[in-house]
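If you read the sequence from its start, that first residue is 1, and numbering goes on from there. Basis for what follows: all heavy atoms, side chains included, without hydrogens, waters or symmetry-related copies.
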Amino acid sequence: MSKIIIVFDGFCVLCNKYVSWVSERNPSNNIYFTNFNSVYIKDNYPEIKLGETVFVIKENEILEKSAAIKVCIKSMDINPIIKFLFIKSPNFLLNVFYNIIAKNRYMIFGKYDICTVPKNITSNNILN
């Protein structure tokens, strides 16, 4: 199983909840996490900047929005029907909903004062 890196907004409450949720459903332990402010991103992927999307790096390919989430879903232990429906849904349709949520995430879910990483993630899966 290849290494998957999720780059998320550490200020965003929703993003932190998503990262926790993914971490709890990653039986192969191949998903790693880092935020936009990490040294890892600054040193290895300086073109990735904080915006209204989550990024996933897989085999040096940078994916975003629903394409990024689909890569994670494929590696997760979740309900197979939900997994199938999500993976088979067209990206353009998923991105409509993604964009609405992303633009309003701070207003709806809140924002932390400092950039954080969820506490339930093992230190082995955090890239600083």
task = Keeping the roles fixed (side chain from T53, backbone from K65), state whether a donor-acceptor pair exists under 3.5 Å.
result = yes
request  = Write down the atom of C115, the atom of G10, and the distance for their closest heavy-atom approach.
outcome  = SG-CA, 3.6 Å
query = Quick one: CE on M76 to CD1 on I82, what's the gap to the nearest 0.5 Å?
reply = 10.0 Å
ask   = Quick one: do I78 and L85 end up in the same hydrophobic cluster if we chain Ile, Leu, Val, Met, Phe, Trp and Tyr together by side-chain heavy atoms under 4.5 Å apart?
value = no
inquiry  = Hydrophobic clusters here meaning ILVMFWY residues chained together by side-chain heavy-atom distances under 4.5 Å, can you tell me if Y106 and I101 are in one?
reply    = no
Under-4.0 Å salt bridge between D9 and K111 = no
request  = Would you indicate whether the side-chain heavy atoms of I73 and F84 approach each other to under 4.5 Å?
outcome  = no
Reported CD1-to-CD1 distance for the pair I4 and I6, which is rounded to 0.5 angstrom = 7.5 Å
inquiry  = Taking atom CZ as the centre, does F97 end up with more than 12 heavy-atom neighbours from other residues, nucleotides or ligands that are less than 6.0 angstrom away?
reply    = no
inquiry  = Are Y40 and V7 connected into the same hydrophobic cluster when the rule is that any two of I, L, V, M, F, W, Y join if their side-chain heavy atoms are below 4.5 Å apart?
reply    = yes
query = Taking C-beta and beyond as the side chain, do V56 and E64 meet within less than 4.5 Å on heavy atoms?
reply = no
query = I57 and L50: same hydrophobic cluster, using ILVMFWY side-chain contacts below 4.5 Å?
reply = yes
query = So which heavy atom on R105 is nearest to which on G51, and how close?
reply = NH2-O, 3.2 Å
inquiry  = So V96 and L94, do their side chains get closer than 4.5 Å, heavy atoms only?
reply    = no
ask   = Looking at Y98 and S66, what are the two nearest heavy atoms and their distance?
value = CD1-N, 4.4 Å
ask   = More than 12 non-hydrogen atoms from neighbouring residues, nucleotides or ligands closer than 6.0 Å to CG on L93, yes or no?
value = yes
inquiry  = Looking at every non-hydrogen atom in both residues, tell me the closest pair between K70 and F86 and how far apart they are.
reply    = CE-O, 3.3 Å
ask   = Quick check: does any side chain N or O of R25 sit under 3.5 Å from a backbone N or O of V22, one acting as donor and the other as acceptor?
value = no
query = Should the pair F8 and F33 be assigned to parallel (<30°), tilted (30 to 60°) or perpendicular (>60°) ring geometry?
reply = perpendicular
key: Y32 six-ring face occupied by K3 cation (under 6.0 Å, within 45°)   = yes
ask   = N35 side chain to S38 main-chain N or O, any donor-acceptor pair under 3.5 Å?
value = yes
task = Give the intermediate values and the outcome of side-chain contact (heavy atoms from CB on, under 4.5 Å) for residues Y18 and C72.
result = CA-CA 11 Å; Y18 171 71; C72 299; 3.6 Å; yes
task = Test side-chain contact (heavy atoms from CB on, under 4.5 Å) on D43 and I41 and set out the steps.
result = CA-CA 5 Å; D43 288 349; I41 291 300; over 6 Å; no
ask   = Of the options I69, L14, L63, which is the one that meets V54 in a side chain to side chain contact (heavy atoms under 4.5 Å, CB included)?
value = I69
query = In terms of hydrophobic clusters joined by side-chain contacts under 4.5 Å, are I48 and F11 together?
reply = no
query = For V19, does its backbone N or O pair with a side-chain atom of S23 as donor and acceptor, under 3.5 Å?
reply = no
request  = For N26 and N30, work out which heavy atoms get closest and say how close.
outcome  = OD1-OD1, 2.9 Å
request  = Taking all heavy atoms of N44 and all of P46, pick out the closest pair and write down the distance.
outcome  = C-CD, 3.5 Å
query = When you look at I62 and Y45, which way does the side-chain contact (heavy atoms from CB on, under 4.5 Å) test go after all the steps?
reply = CA-CA 9 Å; I62 300 172; Y45 298 95; 3.8 Å; yes
query = What's the spacing between K58 NZ and I5 CD1 if we round to 0.5 Å?
reply = 12.0 Å
